[in-house]
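Proteins come first, then strands; the chains are lettered A, B, ... in the order of their sequence lines, and each starts at number 1. Quick caveat, the model's predicted, so the values are computed rather than measured.
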Protein chains: 2
Amino acid sequence: MRLEWLEDILAVIDTGSIRAAAERRAVTQPAFSRRLRAIEARLGVELFDRSRKPVVVHPAIAARAEEFRQAAAALAEMTAELRRAGRARHGRLVIASQHAMTATLVPGLVAAELGAEGPGLRLRTANREDCLALLMTRQADVMIGYQTMAEAAADPGAFLERAALGTERLVPVATPALAARVPAAAELPVIAYPADAFLGRVVAAEIQPRLGPGLRLLPRVETALTLAGQGFARRGIGIAWLPAGVARADLDDGTLVDLSDVLPATRLSIVALRLALDHGPAAERLWQALCRPAASPAQGGTGGAAAP
Amino acid sequence: MRLEWLEDILAVIDTGSIRAAAERRAVTQPAFSRRLRAIEARLGVELFDRSRKPVVVHPAIAARAEEFRQAAAALAEMTAELRRAGRARHGRLVIASQHAMTATLVPGLVAAELGAEGPGLRLRTANREDCLALLMTRQADVMIGYQTMAEAAADPGAFLERAALGTERLVPVATPALAARVPAAAELPVIAYPADAFLGRVVAAEIQPRLGPGLRLLPRVETALTLAGQGFARRGIGIAWLPAGVARADLDDGTLVDLSDVLPATRLSIVALRLALDHGPAAERLWQALCRPAASPAQGGTGGAAAP
DNA sequence: GGGGGATCATGCCGTTTCTGCATGTTATTT
DNA sequence: AAATAACATGCAGAAACGGCATGATCCCCC
């Protein structure tokens with residue numbers, strides 16, 4: 001028996017169909033169908049009545065759903081606890097942060113606030129979704145990431161604690177040559193974020209609607225990685241919406257110019273998140289240090305450097 | 001988390017070394033070493049201190065051994081229970097039997113004793129070790145197999161219940177042509193059983209030592225499958241030691257002749273085994289029917305046919 | 001402290017398992 | 001009866017896994 005099997009079975013029980021369960025388990029329907037067959041074969045039990053079209057979970061199996069749920073939770077808890085203990089053995093704390101912040105904001109936070117804490121600190125960087133997954137599976141103690149102002153105003157939910165670290169502007173930038181052509185242009189070459197990435201949703205929700213009516217965005221390249229977007233912008237491929245902290249150095253030395261007077265910009269909230277659970281003393285210290293608002297170097301700063 | 005992972009970890013905890021644990025888990029040491037690394041990687045935790053030569057389980061992990069054991073037991077129990085319930089849904093009983101008996105003895109038992117029970121009965125055939133595994137994992141309700149007379153006299157252990165169904169002779173047989181050469185020969189071509197198979201051990205322990213001093217066995221082919229051995233014997237490849245029930249038809253029609261007057265034979269006990277646990281009503285009826293000694297058609301019979 | 005032996009790791013390669021995509025089949029709906 | 005949605009299947013590429021041979025360490029004992 002495997003935790004994955006329990007989760008697969010529960011997905012079918014919960015969603016009521018293989019197709020929907022496949023989606024929840026993030027595989028294609030054929031692959032998931034096979035997986036279920038394999039589970040049945042290895043278990044030696046027929047779990048579903050496949051003669052019905054949305055498959056029906058055999059009643060004897062459905063009756064055990066709660067048992068499955070508990071076993072799955074116990075296993076998940078066991079591995080989470082193992083991870084926590086494993087880290088504790090090294091006296092390590094793990095911070096998960098979104099790619100864009102790793103190079104700019106986070107080093108400042110860590111250096112400024114955690115000087116003495118330093119040695120046992122590890123940084124993992126990923127996209128926002130994966131960061132959240134690291135947090136939920138307890139592979140990370142704290143996550144630092146962006147939220148939209150709307151998200152930051154909403155209740156974080158019962159499982160999460162949140163601390164606001166500041167805000168940062170998401171500004172349109174381009175090379176001076178490209179920028180000069182912007183006011184007259186009807187089509188703007190842009191570095192786009194994928195629609196399913198966090199910044200892609202932000203741009204779609206908060207930037208696109210505020211563009212002038214005759215103005216169209218023409219995606220030249222698409223990347224989820226802010227730093228890659230910065231690279232393209234530097235080469236004049238298109239306009240990129242970058243966090244101010246990422247763009248600051250290029251803006252200062254004139255490689256890029258700020259277009260936020262002619263194109264919409266928006267503001268992102270920078271937050272720290274952690275599970276609302278027991279934490280070790282080191283994790284607690286880290287959290288307290290992050291929460292101390294005075295120490296926060298956010299507000300568009302590059303971390304460590306003073307804000308204007 | 002997977003049951004297999006827990007079992008792997010527990011194997012190391014119990015045996016104190018990777019090599020020994022690999023043996024217990026029935027894979028080679030390199031493969032097992034890799035498996036452990038993969039588990040550590042996927043768990044994100046270092047489980048062992050590999051700088052010591054028999055690896056040392058990290059104390060934080062060793063401290064959780066009991067937790068692991070309970071989780072493993074719970075998972076194993078859950079799958080076993082699922083299997084039982086799955087079978088019960090079909091009203092099915094599963095009998096595991098050794099290959100050799102499936103064709104001869106078991107049909108007689110089933111037909112004679114279970115006439116009415118018939119429809120929901122399923123027969124699985126495997127070697128003795130796998131039959132036992134089927135029993136232990138509750139994929140089978142009852143196992144029917146051979147034991148040596150010594151085994152049959154010993155305590156079956158706390159987990160197993162045993163019922164003696166009779167005995168059967170293991171007799172040396174050969175084609176008439178080959179048999180004619182036996183008395184004078186110093187080397188006998190034989191159909192050998194693998195040393196790690198049940199009958200291989202029986203031959204090694206009870207037949208070999210009783211051979212005349214000047215007599216050598218020359219394995220011509222090796223097979224664990226009695227019926228395959230019979231096929232070879234029929235073609236005159238060598239002498240085979242076969243259960244009387246298997247050989248009977250060939251002996252009756254003269255295809256093979258019985259050499260037990262010039263070569264050692266031995267006697268095997270035919271037993272039914274089941275786990276000493278709760279059983280469903282159908283399983284209980286089956287067991288009672290098997291235990292009824294009068295009905296047993298054993299004693300070398302081919303099952304169904306009357307014994308001499 | 002220097003073999004000798006045991007334990008674990010690694011390179012290589014064949015086998016098995018798993019996945020996605022495209023497409024076929026079947027139950028359900030209208 | 002046709003349309004639709006749900007599930008299965010054929011296929012090919014990728015990843016995981018195992019065994020074997022061999023290399024690198026650690027432990028023990030003289």
Among A:R35, A:R24, A:R25, salt bridge (charged side-chain N to carboxylate O under 4.0 Å, His left out) partner for A:E7: A:R25

Determine, stepwise, if the pair B:L134 / B:M143 fulfils side-chain contact (heavy atoms from CB on, under 4.5 Å). CA-CA 8 Å; B:L134 288 174; B:M143 164 183 169; over 6 Å; no

Round to a whole Å and report the spacing from CD of A:E23 to P of D:dA6. 11 Å

A:R19 CZ to D:dA8 P, straight-line distance once rounded to whole Å: 14 Å

Considering only NZ, NE, NH1 and NH2 on the basic side and carboxylate oxygens on the acidic side, decide whether A:E77 and A:R138 come within less than 4.0 Å. yes

Distance, rounded to the nearest Å, where A:R37 contributes CZ and C:dT17 contributes C1': 17 Å

Hey, which sits more toward the 5' end of DNA chain C by its nearest nucleotide, A:R42 or B:S33? B:S33

Between B:A38 and A:G16, the residue closer to the 5' end of DNA chain D by nearest nucleotide is A:G16

CD of B:Q98 to CZ of B:F198: how many Å apart, nearest 0.5 Å? 6.0 Å

Can you list, in residue-number order, the parts of residues 43-62 of chain B that come under 4.0 Å of DNA chain C, counting heavy atoms only? B:R50, B:K53, B:P54, B:V55

OP1 or OP2 of D:dG18 versus the side-chain N and O atoms of B:R35: is any pair under 4.0 Å? yes

Could you tell me whether A:R50 and A:E40 make a salt bridge, using a distance below 4.0 angstrom between a side-chain N and a carboxylate O? yes

Taking atom P of D:dA8 as reference, at what distance in whole Å does atom CD of A:E40 sit? 9 Å

Answer yes when B:E129 and B:R201 have at least one side-chain N-carboxylate O distance shorter than 4.0 Å, and no when they do not. no

Any protein N or O atoms within reach of nucleotides 20-24 of chain C? Criterion: under 3.5 Å, listing atom names and distances.
{"residue": "C:dG20", "atom": "OP2", "partner": "A:T28", "partner atom": "N", "Å": "3.1"}
{"residue": "C:dG20", "atom": "OP2", "partner": "A:T28", "partner atom": "OG1", "Å": "2.9"}
{"residue": "C:dG20", "atom": "O6", "partner": "A:R34", "partner atom": "NH2", "Å": "2.8"}

Roughly how far, to the nearest 0.5 Å, is the CG atom of B:L217 from the CD1 atom of B:I191? 11.5 Å

Rounded at 0.5 Å granularity, tell me how far CG in A:L275 sits from CG in A:L135. 4.5 Å

A:R2 CZ - C:dT17 P separation (whole Å): 11 Å

Integer-rounded Å distance: D:dA5 P and A:I18 CD1: 17 Å

Ion pair present between A:E4 and A:R42, side-chain N to carboxylate O less than 4.0 angstrom? no

